[in-house]
Structure formats: C-alpha cells, structure tokens
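Since the structure comes first, as structure tokens, the remarks are kept for the end.
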Amino acid sequence: MDLTEQIEELEFALLQSFSHKQDRPWGSLFWNEDQPDYYDANHAHVKEEPDLPDRVIDEVISFYRTMNIVPRFYLDNAERLENFVGLLKKRGFRYESYSQPVQLWNEELLQLPLNEDVIIEEVTGDNYHEALEVESQIKEFGGKEVREKALQSEFNDQRYTHYLLKYKGKPCSTACLFVHGSKGRVESVATIEEYRGKGLIGRLLQHVQKEAKGLQLEKLWVHPINEDVDKVYRRCNFETILTMQTGHAFLSGKGIKEIQERTSV
C-alpha cells in the first residue's frame, strides 16, 4: 500500500466513525442525518473525473436534499478535475480550493520542561462535560450543537481517546487520538481563545506522542488546517511529507477557508 493509499484508508476510517458511507462508481457518499451541519459527515467524495459528470451532480443534489442537507463535494487531486469543477460552477456551486499538508510524526518525543501548572487527563465520564465545555467554545468546531453530538459519538467509539488539559486548574485545551490498526491520527486539537499563545498545544502533543509510543503505533499523522497550525506542529516534531490540493464545492453556507482562517491553537 503506497503513501496516498495509507492516508486515504485512515481518512475513510475516521469519516466512517461518525457517518455512513456508500461507494458509487464515481466515488463515495458520506452522510449523517443527525449532524446535517457537520461538513465532514455529509459530502460526496470524488478523486477522478466522472464519466457522466452531470448525472453525478444530479445524483448528489437529489441524495442530500432528500435529507435536507446542503449538497457538497470534497475533491481530491483538484488540479486534475478542472472540467468537473467548471461544470459544478455552472450548476450553481460555490467553489474553493486549498493546499492540505499531511504531516507525519518523526517518532522523536517533544522535550519540554516540567510545568506544574499543567495537568493532562484522559477524558472519562467524570470530566466529560468539562471537555465538552471547552470544545463548545471553539467556533471552528461548529459550536456546541455540532460538537456535542460529535463528541458523544467519538467518546462511545473505542478507537478515540480524548485528552483534556487544565492550566492552573482551568480546563482550556483538548486533543484526541484516533487509532485504526497500527496507525494513529491526532484530531480535535484546540485551546479556548483566552489561553492561546501559552504553548499548551505542545504539552498536549507531547502527551499524545507518549501515548503513541506506548501503543507501538507504526505511524502518527496529523492534518493541519492552515499555515499557522502547520508551523505549530512542525515545532512539535511533525514533518510535512505530502501536500494535497483539495477542492470544496457547496451550494450554500460558509466555505471551509472562511472557517479555517479564524483557527489558531
């Protein structure tokens, strides 16, 4: 299995942890009627030019509209899908493209001096609502309504382990580790705004790296969502090994760029 296939396998395993998946001749459909505003849970995934593009667009629009979900496409290798992108625009879809770096941990533990003000806990039933309160304040996660459902789904899935960081006793940062087979991926990394800039994410990533070592994971991946986040991860021993050009076509609502540009850790 080559590198891109490994990345796709882990990505699809992650997506299917909170959505249904149906393979089609042209790609895949993902959906979750209980979380209609969760983009990752509700989109058509395409990575090659479809043979009958108009029919594909009709199928996707009809499929999602029957569930009152905004039709949207995620496009891999967007630079190779110019004809399909052009047709989507003609059909009324808004379109954005962006570079998606993929980073791999170099297996070196991040070295940080002891900070007695920082405590990191695994999220359990005892501190679940503290973690939810933190994640509900992260606008980039979609707000409490979206994150409440998503966190509950993840918490009940044994492949996820969530972590809560407290600074001077105040819950203020979260992260989670998703494990599929012998590979892991870091997800849901964020700090509430008033505590940003204190290096707390480095503390969480160091903790996740230790967990990955203990689980003897072969690889630990992360997909930073913008340049600022990319730099943070690179300082924490994650190396960019691939940059993909990704497209997002949607009939209404906010673009992913609009959401991500406000994100900071």
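Index from 1, following the sequence.
Taken to the nearest 0.5 Å, the CG atom of Asp37 stands 8.5 Å off from the NZ atom of Lys149. With values rounded to the nearest 0.5 angstrom, Leu109 atom CG is found 12.0 Å from Leu205 atom CG. In this structure, OG in Ser17 is found 5.5 Å from CG in Asp157, a value given to the nearest 0.5 Å. Atom CG of residue Asn115 and atom CG of residue Leu200 lie 8.0 Å apart, to the nearest 0.5 angstrom. We find the SG-CG distance between Cys236 and Leu204 to be 10.0 Å, quoted to the nearest 0.5 Å.
Between Leu14 and Tyr160, the closest side-chain pair of non-hydrogen atoms falls below 4.5 Å. Side chains of Asp58 and Arg91 form a contact here, defined as non-hydrogen atoms less than 4.5 Å apart. For the pair Phe238/Val186, a side-chain contact is recorded, criterion being any heavy-atom separation below 4.5 Å from C-beta on. Residues Ile61 and Ile57 are in side-chain contact: their nearest non-hydrogen atoms beyond the backbone lie under 4.5 Å apart. Proximity of Asn42 to Val70: side-chain heavy atoms (C-beta onward) are nowhere separated by under 4.5 Å. Using a 4.5 Å heavy-atom threshold, the side chains of Pro171 and Glu133 count as separate. Residues Leu177 and Tyr163 have side chains in contact (heavy-atom distance under 4.5 Å, counting atoms from C-beta outward). When side chains are defined from C-beta on, His180 does not count as touching Gln16, because their heavy atoms never get closer than 4.5 Å.
Among all heavy-atom pairs drawn from Leu164 and Val134, the shortest one is CD1-CG2, 4.1 Å. Ala41 approaches Ser19 most closely through the heavy-atom pair O-CB, 3.5 Å. Counting all heavy atoms, side chain and backbone alike, Ser28 lies closest to Phe12 at OG-CE2, 4.3 Å. In terms of heavy-atom proximity, Trp221 sits nearest to Ile241 at CZ3-CD1, 3.3 Å. The two residues Arg80 and Glu48 have their closest heavy-atom pair at NH2-OE2, 3.3 Å. Heavy atoms only, all atoms of each residue included: Pro113 and Arg203 are closest at O-NH1, 2.5 Å.
A chain of hydrophobic side-chain contacts below 4.5 Å, direct or via other Ile, Leu, Val, Met, Phe, Trp or Tyr residues, connects Tyr39 to Tyr98. Under the 4.5 Å side-chain heavy-atom criterion for Ile, Leu, Val, Met, Phe, Trp and Tyr, Val208 and Ile119 are members of distinct hydrophobic clusters. Under the 4.5 Å side-chain heavy-atom criterion for grouping Ile, Leu, Val, Met, Phe, Trp and Tyr, Leu251 is connected to Leu29 within one hydrophobic cluster. Residues Ile7 and Leu75 are members of separate hydrophobic clusters, defined by side-chain heavy-atom contacts under 4.5 angstrom among Ile, Leu, Val, Met, Phe, Trp and Tyr. A continuous path of hydrophobic side-chain contacts links Val179 to Ile120 [ILVMFWY only; heavy atoms under 4.5 Å].
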Exercise for the section: Dump the intermediate steps for side-chain contact (heavy atoms from CB on, under 4.5 Å) on Asp40 and Tyr74, then the final yes or no. Expected result: CA-CA 9 Å; Asp40 286 356; Tyr74 282 7; 2.7 Å; yes
Audit row: Leu151, His162, side-chain contact (heavy atoms from CB on, under 4.5 Å) steps and yes/no: CA-CA 9 Å; Leu151 182 59; His162 288 263; 3.5 Å; yes
Glu218/Gln6 under side-chain contact (heavy atoms from CB on, under 4.5 Å): CA gap, chis, key distance, verdict: CA-CA 12 Å; Glu218 292 179 5; Gln6 291 181 45; over 6 Å; no
Gln245 and Ser99: side-chain hydrogen bond (donor to acceptor under 3.5 Å, both in side chains), yes or no, with the steps?
CA-CA 5 Å; Gln245 193 66 24; Ser99 296; 3.3 Å; yes
Worked check of side-chain contact (heavy atoms from CB on, under 4.5 Å) between Met244 and Val102:
CA-CA 8 Å; Met244 301 184 295; Val102 179; 3.7 Å; yes
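For CD of Gln22, the number of neighbouring non-hydrogen atoms (other residues, nucleotides, ligands) closer than 6.0 Å is greater than 12. Around the CD atom of Glu193, the shell of radius 6.0 Å holds no more than 12 heavy atoms that belong to other residues, nucleotides or ligands. Under a cut-off of 6.0 angstrom, the local environment of CZ in Arg55 is sparse, with at most 12 non-hydrogen atoms contributed by other residues, nucleotides or ligands. Within 6.0 Å of CG on Asp23 lie more than 12 heavy atoms contributed by other residues, nucleotides or ligands. The environment of His129 atom NE2 is sparse: at most 12 non-hydrogen atoms of other residues, nucleotides or ligands sit within 6.0 angstrom. Annotation: Lys210, atom NZ; neighbour count of heavy atoms from other residues, nucleotides and ligands within 6.0 Å does not exceed 12.
With respect to Lys47 and Glu8, a salt bridge is recorded, a charged nitrogen being found less than 4.0 Å from a carboxylate O. Taking a cutoff of 4.0 Å between a charged side-chain nitrogen and a carboxylate oxygen, Arg185 and Glu187 qualify as a salt bridge. Salt bridge annotation for Arg147-Glu154: present, with a cationic side-chain nitrogen under 4.0 angstrom from a carboxylate oxygen.
The aromatic rings of Tyr38 and Phe18 sit parallel to each other, their planes meeting at less than 30°, with 60° as the upper class boundary.
Looking at Gln103, its side chain never comes within 3.5 Å of a backbone N or O of Tyr233 through a donor-acceptor pair. Counting only distance, with no hydrogens or angles, the side chain of Ser136 and the backbone of Leu132 share a donor-acceptor pair below 3.5 Å. Side chain of Tyr128 to backbone of Gln152: a donor-acceptor contact under 3.5 angstrom is found. Put simply, the side chain of Asn127 gets close to the backbone of Glu122: a donor and an acceptor are under 3.5 Å apart. Side-chain atoms of Glu116 do not come within 3.5 Å of backbone N or O of Leu114 as any donor-acceptor pair. Formation of a donor-acceptor pair under 3.5 Å by the Lys183 side chain with backbone atoms of Leu10 is not found in this model. Judged purely by atom type and a 3.5 angstrom limit, Asp117 has no side-chain atom pairing as donor or acceptor with the backbone of Tyr167. Within the 3.5 Å criterion, the main-chain N or O of His207 finds no donor-acceptor partner in the side chain of Glu211. The backbone N or O of Asn83 sits less than 3.5 Å from a side-chain atom of Glu49, completing a donor-acceptor pair. A distance-only check finds no donor-acceptor pair linking the side chain of Ser153 to the backbone of Ala150 [under 3.5 Å].
For the ring-ring contact (aromatic ring centres under 6.0 Å, His included) criterion with Phe73, the lone passing option out of Phe250, Phe84, Tyr95 is Phe84.
Taking the six-membered ring for Trp and the full ring otherwise, His43 and Phe30 have centroids separated by under 6.0 Å.
Every residue two or more places apart in sequence or in another chain was checked for a salt bridge (Lys or Arg N to Asp or Glu O under 4.0 Å) with Lys231, and none qualifies. The side-chain hydrogen bond (donor to acceptor under 3.5 Å, both in side chains) test applied to Trp26 returns Glu59, not counting sequence neighbours.
Looking at Gln100 and Thr246, their side chains never bring a donor and an acceptor atom within 3.5 Å of each other. Using modelled atom types, one finds a donor on one side chain and an acceptor on the other under 3.5 Å when comparing Arg72 with His248.
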